[in-house]
Protein chains: 2
Amino acid sequence: MATIQEVAKRAGVSVATVSRVINKRSKVSMKARIRVEQAIKELNYEPSVLGRNLRNSESRLLLVLLPSISNPFYSEIINGIEDTAIGQGYNILLCETDSNPEREAIYFNMMRNRLADGIILMDPTVNQENLHELASKYPVVQCSEFDEDGNISYVTINNQLAAYQAVKHLIKLGKQKIALINSDEKFLYARERRSGYEKALKEFAIPIEEKWIYNTDNLSFESGQQAMRFLLNQEDRPAAVFAVSDLFAIGALKEINSNGLRVPDDIAVIGFDKISFSNMTYPTLTTVAQPMYRMGCISANMIINKIKGEEVDSLILDHELIIREST
Amino acid sequence: MATIQEVAKRAGVSVATVSRVINKRSKVSMKARIRVEQAIKELNYEPSVLGRNLRNSESRLLLVLLPSISNPFYSEIINGIEDTAIGQGYNILLCETDSNPEREAIYFNMMRNRLADGIILMDPTVNQENLHELASKYPVVQCSEFDEDGNISYVTINNQLAAYQAVKHLIKLGKQKIALINSDEKFLYARERRSGYEKALKEFAIPIEEKWIYNTDNLSFESGQQAMRFLLNQEDRPAAVFAVSDLFAIGALKEINSNGLRVPDDIAVIGFDKISFSNMTYPTLTTVAQPMYRMGCISANMIINKIKGEEVDSLILDHELIIREST
DNA sequence: TTGAAAGCGCTAACAT
DNA sequence: ATGTTAGCGCTTTCAA
């Protein structure tokens, strides 16, 4: 890779002039500009991000930290982030943390090293202290998950309300025995959705049965399947299931089908997220739609504004209950 | 973030000594070492990747370029890459190219800028000239897709053989009218799988019908659904479908079900990849399993060896036909 | 064993 | 309008 010196030499100017041509900030004579551009082309020169950063602390790179890329929920958000960020001249680096604090720490350090200009964080299992220390010095926004009592900007939905509405929908269908397949409650959304579930039951004076609440340790179909197997093994089995992720709901659907039961008559199922696969199942899945793409766009805008030094406000977006065949 | 100077000052030594402590390469007196380590702890110091790279050209970062993270096929590979790379002290940055040459170019430049030590490339739609120029100077390996007449190391499977076996399986089941739902044939795997499909038909003297071959422009359930809709609209409709991706097969399954036809009796369906979804469908999907996790591990090892300056050989892994309910 | 200093590629302040 | 140069944080050679 050619350096700025080589370009300067070839163009017969100083490195400063080359830098000026590249960065367009100050005036350069037409003649010099043309010669520099010519030299850049001939040498196939690209400015070094390293050198520039070291000097400027600007990389035009955004880090997106997510627990796992296999959850389609994140893919949609990322589409939004990328479309928005690229439109504004930023590039995206995806960092899978696997909810592992050590890996998180590595990516946080990339930020401290000014290898990126900002971080969009979608992983909740972060070390809080570490996060706040980072957020106090560098641009950070949270997407979907957030810190309740911190002051880091975020974009999310009203998880409690969404869950409440979902469960109410099941109750209105005449279901009373409603199970909950929940994630690990280290996730804020899991705690909120559980609270919405309980709120709806309470409102209709339905007792909350611990035996119908299952917490998985893993976001996958298999966990949903396993949860459903557990629920079906109860002597008093539920008549409906609210799963906090479409992945769980799809696994549950599968397990119900394999046991010769019918959805929704024997057991109604409702999921969360409206991932594209939720429309491919048999039967199709009732689910709570989150505006994932929009969440992505908004979080990208938020972080870019933050990088520019602006104040940004947190945002709670609307969700929507999508009623399909499974209820 | 503290710098090496501050640490040196606090420890009462020179920056060189601090560097020596950090990098462990040369001898430092016990006394100095302890004082430096103390200062590092007190200042919460982390070496700057930027400064180090600029000097050393080593980042311990790997770039993984993939067309889209929404295809679960890639998620599995990435798991393998990450587990292996992290085990060897490398970190992973995921770069979604969207098959866009401009975005590809940006990530290639990060490599040229020595922001990463190597690239694992899973996107085929790369500008060939650009790729070879890059690969001639920096460590690059290809995973799944590769360049037939280049000399870039790769790991892949025998796509032609796998497709041939899949189609033969359908023929053995008594199916003669076999449709193909294929990707855009800019992908090498798409060309190879088509060739395997044709080879099987020829072997059994079954004519190849263009009307039963559908190329999608997009890897999604919806494309598979659309393809199937097209095939079902033929007056002479196929009795079996070979889809080159489970995503297509799942979309096709959905479309067949919605039309009141039965799988596999009316139409048998076979997919490709054995993504985890493929076991959740109704009926479950027969598919060709690729050792995705292993492909990931191997490509990570290949790139790391390449970075170390070793010669690495390309590898073709085994696949396996997984027969389930859809055939 | 240690320190001083050069230099990696770049930008911006300053000088011309 | 252009050039000279210091310095961003680090490693490594050379000298002591």
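Numbered from 1 within each chain, the chains take letters A, B, ... in sequence-line order. Model, not experiment: these values are computed from the prediction.
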Taking atom [atom2] of [N] as reference, at what distance in whole Å does atom [atom1] of [X] sit?
X	N	atom1	atom2	value
Gln5(B)	dA4(C)	CD	C1'	13 Å
Ile40(A)	dC10(C)	CD1	P	10 Å
Arg35(B)	dT1(C)	CZ	P	17 Å
Asn109(A)	dG9(D)	CG	C1'	15 Å
Glu6(B)	dG9(D)	CD	C1'	11 Å
Asn53(B)	dC10(C)	CG	P	14 Å
Leu43(A)	dG9(C)	CG	P	14 Å
Arg52(B)	dG9(C)	CZ	C1'	18 Å

By nearest atom, which of the nucleotides [options] is closest to the [X] side chain?
X	options	result
Ala16(B)	dG9(D), dG3(C), dT2(D)	dG3(C)
Ile4(B)	dT11(D), dT2(D), dC10(C)	dT11(D)
Val15(B)	dC10(C), dA5(C), dG3(D)	dA5(C)
Thr3(B)	dC10(D), dT12(D), dC10(C)	dC10(D)
Ala32(A)	dT11(C), dT12(D), dT2(D)	dT2(D)

> Quick one: are Ile303(B) and Ile119(B) in side-chain contact, heavy atoms under 4.5 Å?
Replying inline: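 Answer no - side chains too far apart.
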
> If we only count heavy atoms from C-beta on, is the Leu93(B) to Tyr107(A) side-chain gap below 4.5 Å?
Replying inline: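 In short, these two side chains touch, coming nearer than 4.5 Å.
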
With a 4.0 Å limit, can you tell me whether [X] has a side-chain N or O closer than that to the phosphate oxygens OP1/OP2 of [N]?
X	N	result
Ser48(B)	dG9(D)	no
Thr17(B)	dG3(C)	yes
Asn23(A)	dT11(C)	yes

>> Quick check on DNA chain C: between Gly51(B) and Lys27(B), whose nearest nucleotide comes earlier from the 5' end?
In response: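 By nearest-heavy-atom nucleotide position, the 5'-most residue is Lys27(B).
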
> With a 4.0 Å cut-off on heavy atoms, is Ser29(A) in touch with a base, just the backbone sugar-phosphate, or nothing at all?
Replying inline: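 It contacts sugar-phosphate atoms only.
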
>> By nearest heavy atom, map Arg33(A) and Leu50(B) onto DNA chain D; which one lands nearer the 5' end?
In response: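 Nearest-nucleotide comparison on DNA chain D picks Arg33(A).
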
> Taking the nucleotide of DNA chain D with the closest heavy atom to each, which residue, Tyr45(B) or Arg20(B), is nearer the 5' end?
Replying inline: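 Result: Tyr45(B).
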
> Is the shortest side-chain N to carboxylate O distance from Glu133(A) to Lys137(A) below 4.0 Å?
Replying inline: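 Looking at Lys137(A) together with Glu133(A), the answer is yes, because their closest N to O distance falls below 4.0 Å.
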
> Are Glu37(A) and Lys41(A) close enough for a salt bridge, meaning some N to O gap below 4.0 Å?
Replying inline: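 A salt bridge is absent here (no side-chain N lies under 4.0 Å from a carboxylate O).
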
> Knowing that exactly one of Thr84(B), Leu61(B), Ile81(B), Asp117(B) qualifies, which makes a side-chain contact (heavy atoms from CB on, under 4.5 Å) with Tyr90(B)?
Replying inline: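 Answer after filtering Thr84(B), Leu61(B), Ile81(B), Asp117(B): Asp117(B).
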
